[in-house]
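Okay, structure first, notes after.
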There are 4 protein chains.
Amino acid sequence: MSKPREEKYHAILDAATEAFAEYGYYTCQVSKIAKLAGVADGTIYLYFKNKEDILVSLFSDRMGRFIQEIRRSIVQCQTTQERIFCIIRTHFKQMQENRSLAVVTQIELRQSDPKIREAISGPLREYFHLIEQVLAEGVEKQEIVLPDVKIGRQMFFGTLDAVISDWVSSKKPRALEGTEDLVFNLMRGAFKISEA
Amino acid sequence: MSKPREEKYHAILDAATEAFAEYGYYTCQVSKIAKLAGVADGTIYLYFKNKEDILVSLFSDRMGRFIQEIRRSIVQCQTTQERIFCIIRTHFKQMQENRSLAVVTQIELRQSDPKIREAISGPLREYFHLIEQVLAEGVEKQEIVLPDVKIGRQMFFGTLDAVISDWVSSKKPRALEGTEDLVFNLMRGAFKISEA
Amino acid sequence: MSKPREEKYHAILDAATEAFAEYGYYTCQVSKIAKLAGVADGTIYLYFKNKEDILVSLFSDRMGRFIQEIRRSIVQCQTTQERIFCIIRTHFKQMQENRSLAVVTQIELRQSDPKIREAISGPLREYFHLIEQVLAEGVEKQEIVLPDVKIGRQMFFGTLDAVISDWVSSKKPRALEGTEDLVFNLMRGAFKISEA
Amino acid sequence: MSKPREEKYHAILDAATEAFAEYGYYTCQVSKIAKLAGVADGTIYLYFKNKEDILVSLFSDRMGRFIQEIRRSIVQCQTTQERIFCIIRTHFKQMQENRSLAVVTQIELRQSDPKIREAISGPLREYFHLIEQVLAEGVEKQEIVLPDVKIGRQMFFGTLDAVISDWVSSKKPRALEGTEDLVFNLMRGAFKISEA
DNA sequence: AATGAATGAGAATTCATTCAT
DNA sequence: TATGAATGAATTCTCATTCAT
């Protein structure tokens, strides 16, 4: 992809993130995204197959970066305990830095339209897999106690997700500060990580 | 409300639950609900103000029963530990008994349309409040250790929600069996409940 | 028609007059008429074939009485001059006594729906004919000067109609008082009636 | 407004005039106007807010031109007598040249829907005002005798309106020919204009 | 590539009319 | 006769998508 083309592509994706976050996928007209991106309605269709494609691309692009960032952050960690904390912190940090992404994630994670669900499930599953890897490794190294890795991941992700959900709903922008430690403490208990 | 009227009201609500679960709120036409309920399109509007009102009524009706059932189940419990287990079990049981409700809950919990969000937030907040009450009482009675009740609720609900979400996505109908104990064990760790 | 049946028939017609006057024919739902008449929606259809039939019956019934009253009033008149004044006064009096009828007349006189026009034209033509008779007789008896009776009727009726139209639009209920003489004076000039 | 845009705007207005004249406002579907204008249904809404807006725009546009034409025609007149005749002739001429407009005017002048009435009243009042000005000036210059200008206008306009109404109802297209003089003669009598 | 006017399929909702009670 | 719940045809308007410029 050429440089200016790529720029416009991302401009549209940025605009869509904002617009979907504000109005929701179905309530948001394509023309709104176009206006926000500073392009004509028709231009959208030079970059995306249709409205659904915008959502899917958006999700996979943003979620891809998101996961990459998480990955990058945990490679430096020595222990499972550190990795868990690292994921919590990086997850929160990224959501906080991009509130619109957080909103879109919250919203679109649960679309029932089967086509959209399918398209979205890829990146999400990747994240789940990453978390499960960390947990499985911890179990193997006896750094955590966890009878069932999947349930562990569900608790871990579910907790982060619920925290973000509340944060997104409330209008207080600072609410995530200091939450990391609280969450981590709960996880430590759940995973039987000794205080040490 | 007279008997037959009430019956039709619930028939429509049931149909809407199925239809929304299958197609999603926006993708599901009112006529689909009507057909499923065995009534004419226009009849819907004798019972509900508009499509949104169906969703809101549905959620508040179903969520109302849901919470009531949870309440009923925990009054018999002696300890916080029992209450926590009870909520897990009743939550799962009800979702399992009414998969469509589970789907709709998953979907609509995250609607971004502000009007819908607002309407839906009531019953949900009530459930959150209920959970927080149980946790707060446990802290007070020193039956659990929990530095922050809100985070505790987020973890608790988030975990249940994530489990349901996975269950709903997968098509295995038995997947929830035996999950209660696994979840409870994690919670016990997180809340520092001694093994007894 | 039996007594109670006739009563209900007129109750519906009265209600329709009010309702059409307030909302207009198309904007007024049949159910509004029913409620105003104190009967069930379905009952309307025991007395009238359909909504249009209500309008037509209403117009022909009311206009029939209207014309009859005009007729009754002019039989006592000796001269054309008196008859003309009599029509003006009786026309205004009746409109004033039944403002809703005035409104409905104003509105429905000009419906473009061909079916309705046709149905309404009967009674109206009868009134036109009556006026033209009076004028023709006046010409014959040389009590008035009028080269063309039809134009004379158009002017005469058009004037009354325009006055009523203004009166109906304005909210002042007394605006018709004293108008009779002014109108009559204009007519006297137009018809070259000597001051005598 | 650009050239082609303006053209389409007027094409729709022309089509609406025809369609409303034939079917009446309520009985005429927007799709009928679209078909007549040779555009897609949706296109209508690029030029007008909604159906009502078409009617209102139509009326104000057409009535605006109508009044302007009347104004233009009377500036050349020397006396009130001439002005009165001029209005009669120009009024008739324009209606005759645009029968659909005449029909629509007849119809919509009497809409009872309050919103429509309000929107329509503007241009109509302007015409009334113009007539009253001519009459008042005539009184002042002692060219006519008229105790009440408003009643005079009501008679004048009411007469023209009734003539047009009859002409529109009848299907004879030539019926307005020669009517001007007859009407003018009546007015001359009513306003006590000497034969000179 | 970019535009944005035009398209027309689609959907929610209304309401005159029917009919079982 | 009277009811009023139920019907479903009909209609306005929206908006994703296309295509001539």
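Side chains included, hydrogens not; waters and symmetry mates left out as well; all remaining heavy atoms used. All chains are named by letter (A, B, ...) in the order of the sequence lines, taking the proteins before the strands, and each is independently numbered beginning at 1.
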Between [atom2] of [N] and [atom1] of [X], the distance in whole Å:
X	N	atom1	atom2	value
Tyr25(A)	dC15(F)	OH	P	14 Å
Asp53(D)	dC13(F)	CG	C1'	13 Å
Phe48(C)	dT1(F)	CZ	P	14 Å
Tyr23(A)	dC15(F)	OH	P	12 Å

Quiz item: If you find the nucleotide of DNA chain E closest to Tyr45(C) and the one closest to Leu46(A), which residue's nucleotide is nearer the 5' end?
Solution: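 Upstream on the strand: Leu46(A).
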
Practice problem: Let me know, please, whether Ala40(D) or Asp41(B) comes out on the 5' side of the other along DNA chain E by nearest nucleotide. | Solution: Ala40(D)

Quiz item: Does the side chain of Phe66(A) reach to within under 4.5 Å of the side chain of Thr105(A), using non-hydrogen atoms?
Solution: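 Side chain of Phe66(A) against side chain of Thr105(A), heavy atoms only: no contact under 4.5 Å found.
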
Practice problem: State, yes or no, whether a side-chain contact exists between Asn50(C) and Asp53(C) at a heavy-atom distance under 4.5 Å. | Solution: yes

Quiz item: Between the side chains of Asp61(B) and Ser57(B), is a donor N or O closer than 3.5 angstrom to an acceptor N or O?
Solution: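 Their side chains do not contain a donor-acceptor pair, so the 3.5 Å distance test is not met.
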
Quiz prompt | Close aromatic pair by centroid cut-off 6.0 Å: Tyr9(A) and Phe48(A) | solution = yes

Quiz prompt | Identity of whatever pairs with dA20(F) - Watson-Crick or G-U, under 3.5 angstrom | solution = dT3(E)

Quiz item: Nearest to the side chain of Val39(C) - dT7(F), dT3(F), dA2(F)?
Solution: dT3(F)

Quiz item: How do Lys8(C) and Thr43(A) order along DNA chain F: which one's closest nucleotide is nearer the 5' end?
Solution: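 Looking at the nearest nucleotide for each, Lys8(C) comes out on the 5' side.
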
Practice problem: Would you kindly compare Glu52(D) and Gly42(B) by the position of their nearest DNA chain F nucleotide and give the one closer to the 5′ end? | Solution: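 Counting from the 5' end, the first nearest nucleotide belongs to Gly42(B).
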
Quiz item: Taking the six-membered ring of Tyr25(B), is the NZ or CZ of Lys51(B) close enough (under 6.0 Å from the centre) and on axis enough (within 45°)?
Solution: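 Yes, Lys51(B) and Tyr25(B) form such a contact.
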
Practice problem: Would you mind checking if Arg62(C) and Asp14(C) are paired as a salt bridge, meaning a charged N to carboxylate O distance below 4.0 Å? | Solution: yes

Quiz item: What are the bounds, 5' to 3', of the part of DNA chain E that sits under 4.0 Å from heavy atoms of chain A?
Solution: dA1(E) to dG4(E)

